[in-house]
Novice: 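Sharing a structure with you now.
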Amino acid sequence: MLKIKAQLKADIFERLKSRYPLSPSDIDFLYPPQLKMGDLALSLPFPLAKKLKANPRQIAQEMLVLLEGLPCVDKLEVAGAGYVNFFLEKKDFFKYRLRSIRTSSLRPEETKIIVEHTNINPNKAAHIGHLRNACLGDTLVRCLRDKGETVEVQNYIDDTGVQVVDVVFGVLELEKKSPADLETIEKFDYYCWDLYSRTVAYLDGHPETQARKTEILKRIEHGQNPESGLAHAISRRILTAHLATMKRIGVAYDVLPCESSILGLKFWEMAFALLKDKQGITYVSEGDNKGCWVMKLEDEAEKEKIIVRSDGTVTYVGKDIAYQLWKFGLLEKDFYYEPFLKDDGHTLWISTAAPNDSGQAFGGASKVYNVIDTRQSYLQKVVVQGLRALHFFRQAEKSNHFSYEMVALSPRSLKELNIEVSREEAGKAFHEVSGRKGLGVKADDLLNRLVEKALAEVDKRNPDLRPEQKKRTAGQIACGALRYFMLKYARNSLIIFDFDDALSFEGETGPYLQYTAVRLNSIFRKMEDREGVSLADIEKGLSSEGPEAAAWPEFPIESLAPEEVSSFWDLIIYAARLEEEILHSVESLEFSHLAKFAFNLCQKLNAYYHRYPILAEENKAVKNMRIATIYFARQVLARTLDLMGVPVPERM
RNA sequence: GCGCCUGUAGCUCAGUGGAUAGAGCGACGGACUCCGGAUCCGUAGGUCGGAGGUUCGAAUCCUCUCAGGCGCGCCA
């Protein structure tokens, strides 16, 4: 569709440029609200009417004559107050689409793109908010890769932050446990979830313990045991749990850059030298911020952001600026790496400050996406401003904050979790998820409930499947349900989490999409069983120009009833939009578009095969048309689901 | 106080300045012994928070206003 539209636009411009005052960018198509009005429309007569002080409908009529006989166009029509509607040549379009189904018209634009997502503090179990982050980030990665981009996926690990310190404090001072004791604890991330919120409450209630916490922090920073070893063991173990959780929903990473390595390799010191050198930051010698290094803010001249505290330590933003510089290869220094785990032949690397000869290198991207929720918008803005302060304007331009609203809990879901809230919070419409308070739905709990429900359904519908097949299918359904749920809302929409919504398998849900794909596959499987024609045979016949194609009859659209032609065409013309939907989603970072596209496609597909029998059709020509139709739609759907990370079970 | 975001059907949400504002859920009524009913078809349900403005055309852009949310630290 992208190609055809581009070609048509160029042709139209050629035909019209001498008659009307136009530039190529003035010519753009929109989709008519109804299929019977046409496949594409030009609203060009309206702006022209204004410029020329003429009647738009009259201009449209004139245009019609000039545009007569364009390639790929079957018919033109003037409609409404002055639209020019295009009806495409159906058979040619369909034939062309089938033959080019394996070739993408999308092209990469960058040398390397870094996407950073997930970034969960390694001190507690992952919760639903983290799932939204990972689903959005991973879908972006899949779309960029589909586009042909080289993508590096990073999951930043803050293994020396105060959140880890809190848990170390809890283990040593509240639990009085040794590193060896921890080895025996199962579901370690769940254990820490409780311990963390308990410790936070304890620290809040006992200000006198603050000194001990500070001491732990210092000892961790200086690598002193047992605190340092404990922090390392805890963060690695939690990290492993997070990775296992994310694997359940098909999310994987290339590299895990750690805060400890940033400190160990003195990335900040290098960034600090750069900032001072280029005068991106200034030293304050009097006033409230005396003794600090600060950055002036661009839009708020009177405000300044502290980058280095008066005690000489660096703030969060400062470290983030250093990290962002590294991502663009502007620090002229890299981490060292060692393998963290291997999975399906893919090695996940973790950064280390200790020199080694792994030969691995990461970073040095031409474009960066940071997937972080909207509450960090201000800080992300400051980080980009830091790049500009260093005169890295191109990199600042290519720094993208992929922001999204948080996931909160409905009062009903709180009740279901048996969580009590304070009286002043009881009336709220939603409750913010908080690791500090232990307030939230743990990712694995939600996934387990999805699996449990899916398993019951599979058991009911496919009792003949082997238990491990049932389990596998239930896992895939849970994954599909969750990923679609996280994708279907626009990113600026606050998700007020409710178990009933998330656990639904009917209507606009992941399982609905999966069901559609499974049913289609089942038609092709039956065809192979009954007629000995495999999907591969069909693919060969339909998508090639060689001798196999000769075996496949021409596409006899004319043998279909008019009503069926419009159902067929509605499906094909819509499915052909996938690539522009991908581009649109990536450009706007709005993957609810892609989700909506998948859902609409499935609605059309379900309605189509429900209405028109495929295998039972006796008219050979009609049957072939229907097979070709669902074959095309199946390929598009498979690609779409893959982009969203929604797996397709064998049966369900 | 300043900045950002949100307000659309009973509920949850879509809706690139374009034609009669759409889905899902819920409600009600239907679907052929047939490729699987996690499906399909139909009915009901709307002053797009409010008021101005720009435009041939506004849910969409601008101004004001009301309501809600989130940010704005020598925390991370």
Side-chain angles (χ1 to χ4, degrees), chain A residues 28 30-34 37 41 43 45-47 49-50 55-56 79-83 85 121 158 161-163 259 288-294 297 299-300 303 305-317 319-320 373-379 381 403 405-406 408 428-430 432 454 457-458 460-462 477 488-490 492-496 498 500-501 504-516 518-520 522-527 530 580 584 587-588 590 592-593 595-596 599-600 602-603 606-617 626 630 651-652:
Chain A
D28 203 5
L30 47 101
Y31 291 105
Q34 283 175 45
M37 296 175 177
S43 58
F46 295 105
K50 194 185 172 188
N55 180 338
Y83 296 94
N85 289 346
N121 273 309
D158 185 2
V162 290
Q163 296 216 17
E259 167 108 345
D288 287 347
N289 298 337
K290 186 176 174 192
C292 299
W293 287 86
V294 302
L297 294 181
D299 18 332
E300 301 161 278
K303 269 182 106 173
K305 183 78 196 163
I306 291 165
I307 306 295
V308 179
R309 302 181 188 102
S310 53
D311 66 359
T313 56
V314 60
T315 59
Y316 172 68
V317 211
K319 278 186 276 190
D320 240 27
D373 78 59
T374 181
R375 289 170 294 186
Q376 302 267 9
S377 295
Y378 172 72
L379 288 168
K381 225 171 83 180
S403 76
E405 258 294 352
M406 56 183 177
K428 284 188 151 183
F430 63 87
E432 189 173 346
E457 293 292 324
V458 172
K460 201 164 71 194
R461 293 157 206 261
N462 302 65
I477 292 170
K488 77 174 183 179
Y489 298 95
N492 273 333
S493 167
L494 173 76
I495 298 180
I496 301 177
D498 197 272
D500 286 352
D501 298 336
S504 165
F505 290 172
E506 282 165 25
E508 198 192 338
T509 66
Y512 174 86
L513 308 184
Q514 293 174 307
Y515 178 75
T516 310
V518 167
R519 288 289 308 276
L520 279 186
S522 144
I523 293 174
F524 286 106
R525 192 172 48 238
K526 283 240 156 54
M527 191 167 2
R530 293 182 193 174
E580 59 189 285
H584 185 207
E587 273 157 21
S588 56
E590 193 55 271
S592 58
H593 292 315
K596 197 59 79 179
F599 176 65
N600 288 336
C602 285
Q603 277 191 314
N606 273 319
Y608 179 85
Y609 76 64
H610 204 269
R611 182 147 183 205
Y612 303 106
I614 317 286
L615 300 178
E617 177 56 42
R626 290 181 186 167
I630 63 162
R651 285 158 204 271
M652 64 185 280

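Per chain, numbering begins at 1; letters A, B, ... match sequence-line order.
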Novice: Who is the Watson-Crick or G-U wobble partner of C40(B), with both distances under 3.5 Å?
Specialist: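 Partner of C40(B): G30(B).
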Novice: Would the distance check show the side chain of T315(A) and the main-chain N or O of I307(A) forming a donor-acceptor pair, the cut-off being under 3.5 Å?
Specialist: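 Yes.
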Novice: Among U6(B), U16(B), G36(B), which nucleotide has an atom closest to any side-chain atom of L30(A)?
Specialist: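 Output: U16(B).
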Novice: Expressed in angstrom and rounded to an integer, what is the separation of H584(A) atom NE2 from A14(B) atom P?
Specialist: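 One finds 14 Å between P of A14(B) and NE2 of H584(A), rounded.
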Novice: Quick one: label V294(A) by what it contacts on the DNA or RNA (base, sugar-phosphate, nothing), any heavy atom closer than 4.0 Å.
Specialist: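 Nothing: the residue V294(A), judged by heavy atoms under 4.0 Å, touches no strand.
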Novice: How far, in whole Å, is U20(B) from U12(B) if one measures between their C1' atoms?
Specialist: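 Per the computed distance, 25 Å lies between those C1' atoms.
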Novice: Find the partner of C64(B): check Watson-Crick (N1-N3 plus N6-O4 or O6-N4) and G-U wobble (N1-O2, O6-N3) distances, both under 3.5 Å, and reply none if neither fits.
Specialist: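 The base-pairing partner of C64(B), which may sit in any strand shown, is G50(B).
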Novice: So, is Q603(A) close to the C40(B) phosphate, meaning a side-chain N or O under 4.0 Å from OP1 or OP2?
Specialist: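 Checking Q603(A) against C40(B): no side-chain N or O falls below 4.0 Å of OP1 or OP2.
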Novice: Counting only side-chain heavy atoms from C-beta out, which of A76(B), G18(B), C74(B) sits nearest to Q376(A)?
Specialist: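 Comparing A76(B), G18(B), C74(B) against the side chain of Q376(A), the answer is A76(B).
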Novice: Considering every strand and a 4.0 Å limit on heavy-atom distances, what is the contact class for R530(A): base, sugar-phosphate, or nothing?
Specialist: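 Sugar-phosphate, no base atom in range.
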Novice: Mind checking who G17(B) pairs with, Watson-Crick or G-U wobble, both distances under 3.5 Å?
Specialist: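 Answer to the pairing question: none, since G17(B) forms no Watson-Crick or G-U pair.
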Novice: In terms of side-chain heavy atoms, does Y512(A) have a donor or acceptor partner in N606(A) at a distance below 3.5 Å?
Specialist: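 Short answer, yes.
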Novice: Looking only at non-hydrogen atoms, find the nearest pair between M37(A) and P32(A) and report the distance.
Specialist: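 Scanning both residues, the minimum pair turns out to be CB-CB, 3.9 Å.
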Novice: For M652(A) and for F46(A), find the nucleotide of RNA chain B with the closest heavy atom, then tell me which residue's nucleotide is more 5'.
Specialist: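 Taking each residue's closest nucleotide, the earlier one in sequence belongs to F46(A).
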Novice: Of C602(A) and K596(A), whose nearest nucleotide on RNA chain B comes first from the 5' end?
Specialist: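 Residue closer to the 5' terminus by nearest nucleotide: K596(A).
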Novice: Counting any heavy atom closer than 4.0 Å, what does D288(A) reach on the DNA or RNA strands: base, sugar-phosphate only, or nothing?
Specialist: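 Here D288(A) touches the bases of the nucleic acid.
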Novice: Could you let me know what C4(B) is paired to, Watson-Crick or G-U wobble, both distances under 3.5 Å, or none if it's on its own?
Specialist: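 Check on C4(B): paired to G69(B), both distances under 3.5 Å.
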Novice: Nearest-Å distance, CZ (F524(A)) to P (G36(B))?
Specialist: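 Interatomic distance, CZ of F524(A) to P of G36(B): 13 Å.
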Novice: Under 4.0 Å, counting only non-hydrogen atoms across every strand here, what does N289(A) touch: a base, just sugar-phosphate, or nothing?
Specialist: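 The answer is base, as N289(A) lies within the cut-off (heavy atoms under 4.0 Å) of a base atom.
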Novice: Name the nucleic acid region contacted by A429(A), choosing base, sugar-phosphate or nothing; use a 4.0 angstrom heavy-atom cut-off, strictly under.
Specialist: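 It contacts nothing in the nucleic acid.
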Novice: Look through every strand shown and name the nucleotide pairing with A9(B) as Watson-Crick or G-U wobble, where both distances are under 3.5 Å.
Specialist: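 Matched A9(B) with nothing under the 3.5 Å cut-off.
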Novice: Need one value for P33(A): base, sugar-phosphate or nothing, where a base atom within 4.0 Å counts as base even if backbone is also close, heavy atoms only.
Specialist: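 The answer is base, as P33(A) lies within the cut-off (heavy atoms under 4.0 Å) of a base atom.
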Novice: Counting only side-chain heavy atoms from C-beta out, which of A19(B), G36(B), C70(B) sits nearest to P32(A)?
Specialist: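 Of the options given, the side chain of P32(A) lies nearest A19(B).
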Novice: Answer whether the closest heavy-atom distance between the side chains of L615(A) and K526(A) falls below 4.5 Å.
Specialist: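 The answer is yes; the side chains approach within 4.5 Å.
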Novice: Can you measure L494(A) atom CG to G7(B) atom C1' for me and round it to whole angstrom units?
Specialist: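 Atom-to-atom, L494(A) to G7(B), this comes out as 13 Å.
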Novice: Looking for any heavy atom pair under 4.0 Å, which part of the strands does S522(A) touch: base, sugar-phosphate only, or nothing?
Specialist: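 Since a base atom lies under 4.0 Å of S522(A), the category is base.
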Novice: Do you know the tightest heavy-atom contact between A408(A) and F430(A)?
Specialist: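 Between these two residues, the closest heavy atoms are CB-CD1, 3.4 Å.
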Novice: Counting distance alone, no hydrogens or angles: does the base of A19(B) have a donor or acceptor under 3.5 Å from a partner atom on the side chain of N85(A)?
Specialist: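 Flag set: donor-acceptor pair detected.
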Novice: By the 4.0 Å heavy-atom rule, please label Y612(A) as base, sugar-phosphate, or nothing.
Specialist: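 Result for Y612(A) = base.
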Novice: Give the rounded distance in Å between these two atoms: NZ of K381(A) and P of G3(B).
Specialist: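 Rounding to the nearest Å, NZ of K381(A) and P of G3(B) are 10 Å apart.
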Novice: Do D320(A) and L379(A) have side chains that approach each other closer than 4.5 Å (heavy atoms only, starting at C-beta)?
Specialist: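 D320(A) does not reach L379(A) side chain to side chain.
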Novice: Return the OG to CG distance between S310(A) and D288(A), rounded to the nearest 0.5 Å.
Specialist: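 With rounding to 0.5 Å, OG (S310(A)) is 11.5 Å from CG (D288(A)).
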Novice: Taking 4.0 Å as the cut-off, does a side-chain nitrogen or oxygen of Y512(A) come that near to OP1 or OP2 on C40(B)?
Specialist: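 For C40(B), OP1/OP2 do have a side-chain N/O of Y512(A) under 4.0 Å.
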Novice: Could you check how far CD of E590(A) sits from P of C13(B), rounded to whole Å?
Specialist: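 Value for this atom pair: 14 Å.
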Novice: Can you figure out which of C70(B), C41(B), A14(B) approaches the side chain of A607(A) most closely?
Specialist: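 Minimum distance to the A607(A) side chain belongs to C41(B).
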Novice: Using the P atom in both, what is the distance from G22(B) to G46(B), to the nearest Å?
Specialist: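 Straight-line distance between the two P atoms is 14 Å.
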Novice: Could you give the distance separating G52(B) and C40(B) at their C1' atoms, to the nearest angstrom?
Specialist: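 After rounding to an integer number of Å, I get 47 Å for this pair.
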Novice: What distance, rounded to whole Å, do you find between the two P atoms, one in C5(B) and one in U63(B)?
Specialist: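 After rounding to an integer number of Å, I get 12 Å for this pair.
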Novice: Which heavy-atom pair separates P613(A) from R626(A) by the least distance, and what is that distance?
Specialist: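 In this case the closest contact between P613(A) and R626(A) is O-NH1, 2.6 Å.
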Novice: From C-beta outward on H610(A), which listed nucleotide comes closest to its side chain: U55(B), A31(B), A76(B)?
Specialist: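 Side chain of H610(A) sits closest to A31(B).
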Novice: When the P atoms of G24(B) and C41(B) are compared, how many Å lie between them, rounded to an integer?
Specialist: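 Between the two P atoms, the distance is 9 Å.
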Novice: Which whole number of Å gives the distance between the P atom of C28(B) and that of G68(B)?
Specialist: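 Their P atoms lie roughly 36 Å apart.
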Novice: For C74(B), does the base pair up with any side-chain atom of S310(A) as donor and acceptor (N or O, under 3.5 Å, distance only)?
Specialist: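 It does, because a donor-acceptor pair links the side chain of S310(A) to the base of C74(B) below 3.5 Å.
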Novice: With a non-hydrogen cut-off below 4.0 angstrom, is R375(A) in contact with a base, only sugar-phosphate, or nothing?
Specialist: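 Here R375(A) touches the backbone only, sparing every base.
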Novice: How far does the C1' atom of U60(B) sit from the matching atom of C72(B), given to the nearest Å?
Specialist: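 So the two C1' atoms sit 29 Å from each other.
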Novice: Which listed nucleotide (C13(B), U39(B), A76(B)) is nearest to the side chain of S493(A)?
Specialist: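 Ranking C13(B), U39(B), A76(B) by closest atom to the S493(A) side chain puts C13(B) first.
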Novice: I want to check one thing: is the phosphate of G36(B), taken as OP1 and OP2, less than 4.0 Å away from some side-chain N or O of K526(A)?
Specialist: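 For G36(B), OP1 or OP2 has a side-chain N or O of K526(A) closer than 4.0 Å.
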Novice: Quick one: does any side-chain atom of R309(A) pair with a main-chain N or O of C292(A) as donor and acceptor, under 3.5 Å?
Specialist: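 No, because the side chain of R309(A) does not come within donor-acceptor range (under 3.5 Å) of the backbone of C292(A).
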Novice: Nearest whole Å is fine: how far is G37(B) P from N606(A) CG?
Specialist: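 About 10 Å, once rounded to whole Å.
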Novice: Classify the nucleic acid contact of R611(A) as base, sugar-phosphate or nothing, counting any heavy atom under 4.0 Å across all strands shown.
Specialist: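 It contacts nothing in the nucleic acid.
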Novice: Could you check which of G36(B), A14(B), A19(B) has an atom nearest any side-chain atom of V518(A)?
Specialist: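 Of the candidates, G36(B) comes closest.
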Novice: Would you mind telling me which of A19(B), G36(B), A76(B) lies closest to the side-chain atoms of Y83(A)?
Specialist: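 The closest nucleotide is A19(B).
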Novice: Does K460(A) reach a base, just sugar-phosphate, or nothing at all? Heavy atoms under 4.0 Å.
Specialist: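 Nothing, no nucleic acid heavy atom in range.
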Novice: Using OP1 and OP2 only, check whether a side-chain N or O of R309(A) sits under 4.0 Å from G73(B).
Specialist: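 Negative; the distance criterion is not met.
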Novice: Just to be sure I understand the rule, does Y378(A) reach a base, reach only the sugar-phosphate, or reach nothing, if contact means heavy atoms closer than 4.0 Å?
Specialist: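 Answer is sugar-phosphate: Y378(A) comes under 4.0 Å of backbone atoms only.
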Novice: Considering only the P atoms, how many Å lie between A21(B) and A59(B), rounded to the nearest integer?
Specialist: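 A21(B) and A59(B) have their P atoms separated by 9 Å.
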Novice: Within this structure, what is the CD1-to-P distance between I496(A) and G68(B), rounded to whole angstrom?
Specialist: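 So the two atoms are 15 Å apart, to the nearest Å.
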Novice: Distance only, no hydrogens: is a donor on one side chain within 3.5 Å (strictly under) of an acceptor on the other, for S504(A) and E506(A)?
Specialist: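 Distance-only check fails for S504(A) and E506(A).
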Novice: Measure from the side-chain heavy atoms of A490(A) and tell me the nearest of A31(B), A76(B), A14(B).
Specialist: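 My answer, after comparing the listed nucleotides, is A14(B).
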Novice: Choosing from U12(B), C5(B), C74(B), which nucleotide comes nearest the side chain of Y489(A)?
Specialist: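 Of U12(B), C5(B), C74(B), U12(B) is nearest to the side chain of Y489(A).
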Novice: Distance check needed: G37(B) P versus F505(A) CZ, whole Å only.
Specialist: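 In whole Å, G37(B) P and F505(A) CZ are 19 Å from each other.
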Novice: Name the nucleic acid region contacted by D501(A), choosing base, sugar-phosphate or nothing; use a 4.0 angstrom heavy-atom cut-off, strictly under.
Specialist: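 Nothing, no nucleic acid heavy atom in range.
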